[in-house]
Amino acid sequence: MKYDFLSLEKKWQQKWRDNQTYKVEIDNSRPKYYVLDMFPYPSGAGLHVGHPLGYIASDIYTRYKRLKGFNVLHPMGYDAFGLPAEQYAIQTGQHPAVTTEKNIARYREQLDQIGMSFDWSREVRTCDPKYYKWTQWAFVQMFHAWYDQKENKARPISELIEHFESQGTQDLQAACSEDYHFSSEEWKNLDKTKKEEILQNFRIAYLADTMVNWCPALGTVLANDEVKEGLSVRGGHPVEQKKMKQWCLRISSYAQRLLDDLEQLDWSDSLKEMQKNWIGRSEGAQIFFPVEGSDELKIEVFTTRPDTIFGATFMVVAPESELTQQLITADQRPKVEEYLEKVKTKSERDRMANTKEVSGEFTGSYAINPLNNKKIPIWTADYVLASYGSGAIMAVPGHDDRDWAFAKHFNLPIIEVVQGGNVEQEAYMDKDENAKLVNSEFLNGLTVKEAITKANEEIEKNKLGKATINYRLRDAIFSRQRYWGEPFPIYYKDGVPHTLETKDLPLELPEVDAFLPTETGEPPLGRAKNWKTKDGYELEMSTMPGFAGSSAYYLRYMDPHNNEALVSKEANEYWQDVDLYIGGTEHATGHLIYSRFWNKFLFDLGHTTKDEPFKKLVNQGMIQGRSNFVYRVKGKNTFVSVGLKKDYEVTPIHVDVNIVRNDTLDIEAFKAWREEFKNAEFILEDGKYICGHAIEKMSKSFFNVVNPDQIIEEYGADTFRLYEMFLGPIEQSKPWNTSGIEGTYRFLQKFWKLFYNEDQFLVTDEAATPEELKILHKTLKKVEDDIQNFAFNTAISQFMICVNDLTALKSHKKEILEKLVVALAPFAPHMSEELWEKLGHSQTVTLATYPKVEEKFLIESTFKCPVSVNGKTRVVLELPVDMSKEEIEKTVLAQEKVQKYLEGKQIKKIIIVPKKIVNLVVA
RNA sequence: GCCUCGGUGGUGAAAUUGGUAGACACGUCGGAUUCAAAAUCCGAUGCCCCUAGGGCGUGCGGGUUCAAGUCCCGCCUGAGGCACCA
């Protein structure tokens, strides 16, 4: 009987749906396993062949784990809030909810036809009020929390207030935007507004005036990870710096924990490295430089090289820094103001593009080097960033190349304090172990390492500052001036923000007449009628960013219909955390950091049981497009095959890859493709038109998009799944190329035929021969090892070898085939179900048990042992496994070939590597 | 500039982690079957040389080792990340 994949796959997909085969419940009798895919943003274009790569891999692993007896949670949902739907809405007036709904339906249809085993009863959508109730709830928790650096965790804000009331700021170590010192008395005497103002600086979700990435084209603020090279990641619009009042999350207070806990995670090195860089820890010292002529004014700097303090010949303060204003002297004011104005109008992008260009202005003030009391000028320059460290530096031109360039440009002195380079030529930045300090009083003669320690000691002793750590990671800006996102559960009373109560959540997104900002520049929510609380207080008009909804979705899947809590204790304790998370690297510094932070916060307050959400993470590579080209002869409607194009003057034209097969153009289809090609003529090679090709992003405009639908229609879902995995390791990015899919298709045909003799279903109860058993167990072993290593490509290769072997033996033994069906089930579930049923099982293959590998069939009775004589001659011998060293020597030397080679030569030594190789070293 | 990961046939890729490089698959060539084609099956297929046989081969140049795609040093090159971060 023919392998009729179309009807067979339809039949099983229907059965799985009808029987809710993949629905899971808490089951304390079985171990849990949690496999999660990064949920997709349902775009209007549907899935192309690149998208399901990770989903197929996780589905294979899920099905494998089920067969191994685990209770596997494998859910799917949609990250449904976002910019594209909103922009589409602006253009068409269609409500984003409507388009989103439509897109989701399409995604679901496509996912189903690939044969995914998701538990759809647990589906979540971030735009569903029942879901975003808990996003809002988490935000409320963050509003009412502060970060205790002593206990290194978030705590309820009420406990901070208690602390203030009993002892003011004494003994308090808290993450805070300001440096506060007050007594309990002083606290008690403050009015309500002032108290709230102070508390804002401690809250984990807080409102603050901050420099933000403002994107005028999108009309919204963006987070750091949403900006690349001064352009927005979505759309590529210019981004500028602007001071705005925004909601922020104090993620920086978690910097150290986010860094430390990376170690315990089973993630790829490159991903961990990216997060490390993003967090950007640097050790150094905070030093205060008094300003000449002022008792109060001090310049705080951060430096990683306190050892070079005697080489500081000037100071630089960031132009945007408030300090700058206080430092400008009357006679310098006009010049400095002019400079500040110039900096202000320079966009972030221009600033980045011209990093070589040196600019700055002298403020007129001088600082005193606290270690040698030398007077040094204070400058302002845009190479110092307001947002990092304290926004001011001590410039050591001898040992920092930016300071060096600045000093050279403005003719400032350069002092060498570390020997080893020529500071007149360039800054000497090496931390050579033998380099000694000079011109540095008590540091002279020390190495850099010693000098850093010594300088820090001296600074702390004299209370000039302290050794400290700085992070590049900044607090996350959490407001977006957009419509299609979660509303903030915040209202304002006398300008002071308050949170809604949990019982009043969710705060649903209101209807608006247009999805644009208001005339007065308020976000779209400003258009909503009566955007107020019951008591008439104004509600917050911004919405939350994309990462809000995806930060705790993995917890929601554990208990998606719970209306009382994000997740019940029971469900959380059973499912714990994600054992395997699969998704792309593009989320390395976005979602994967936010999500870890969000989870740690919930953990601190006892809302979840695990400190880290994702134990193991596998990054699937991107599938690129493989575009095809036809070459039109200039000025004619004639197309020349790629091999002959050098003889003509041609223009390459993208041609739809779906009318090209193995680079050969379907000429009739091409003529029908577009009106203008109807009468096209062709110059062929070997009777065929061969197209050129190039690797590009998979995109509609390159006509290189391949949809899974077409492939599945032609070859079936099982072939598609197999082929996607067979393409190469999942972590690797690679272009899609449909030629080659025949290989996996043929494999499934051959597998099917093992169960048939002509048209007759034929499996025998005969006992398997040792040879057959060996083939089976070798395959089981290799496949299982490969699955555990996510090497699905080689697992499939092994199946191919196995089928070839069994076909050659004309083997139809039930004993063998039944086990193979189960082993293949994770890869080709539809075919396996069908064959499993034909083998007489009434239950689905999902409930089968993964066959046990019997090692005894794997042990070879003999092993191949290559003999190498001085690396020149190789003889391969078959030797028994248990042969002794002496016997091996004897056998080797008795070989005719070896004898021949050794004639007249003397053996110097014989090296036997157990079970592997024998080497004879000849004199 | 800094960090990370790669570079193996015509193509996608394997290689038990230092042990016969190129498994498996695509493609190509040859054959069988067929009136013919498709499908299917069998065989060949790293490169070079005149075959027997030999020589060369994992980006390039060195090194360690009986043995290197794998380890070490120095380059070249591709992809990704970070980037006036003090």
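Within every chain, numbering begins at 1; the chains are lettered A, B, ... in the order of the sequence lines, protein sequences first and strands thereafter.
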Interatomic distance where NE2 belongs to A:His399 and C1' belongs to B:A86 [whole Å] = 15 Å
note = Rounded to whole Å, CZ of A:Phe747 lies from P of B:C26 at a distance of 12 Å
query = Residues in ring pair (Phe, Tyr, Trp, His ring centres under 6.0 Å) with A:Phe827, at least two apart?
reply = A:Phe799
request  = Please report, rounded to the nearest Å, how far the C1' atom of B:C82 is from the CG atom of A:Leu385.
outcome  = 14 Å
key: RNA chain B base-pair string [pairs: Watson-Crick or G-U under 3.5 Å; |: paired with another strand]   = (((((((..(((......[....)))((((((.......))))))((((...))))..(((((..]....))))))))))))....
task = Would you mind telling me which of B:C82, B:C24, B:A86 lies closest to the side-chain atoms of A:Trp278?
result = B:C82
remark   = Considering only heavy side-chain atoms of A:Lys753, the closest of B:C84, B:A23, B:U40 is B:U40
Using a cut-off of under 3.5 Å, enumerate the N/O to N/O pairs linking the protein to nucleotides 2-8 of chain B.
unit_1	atom_1	unit_2	atom_2	d
B:C3	O2'	A:Glu273	OE2	3.2

Out of B:A14, B:A86, B:G12, whichever nucleotide has its closest atom nearest the side chain of A:Phe726 = B:G12
remark   = Of B:C24, B:G80, B:C82, the nucleotide closest to the side chain of A:Thr589 is B:C82
ask   = Considering only the P atoms, how many Å lie between B:G74 and B:A79, rounded to the nearest integer?
value = 23 Å
task = For A:Ser268, answer base if it contacts any base atom (sugar-phosphate contacts may also be present), sugar-phosphate if it contacts only those atoms, and nothing otherwise; contact means non-hydrogen atoms under 4.0 Å.
result = nothing
query = Taking atom P of B:U40 as reference, at what distance in whole Å does atom CG of A:Asn804 sit?
reply = 13 Å
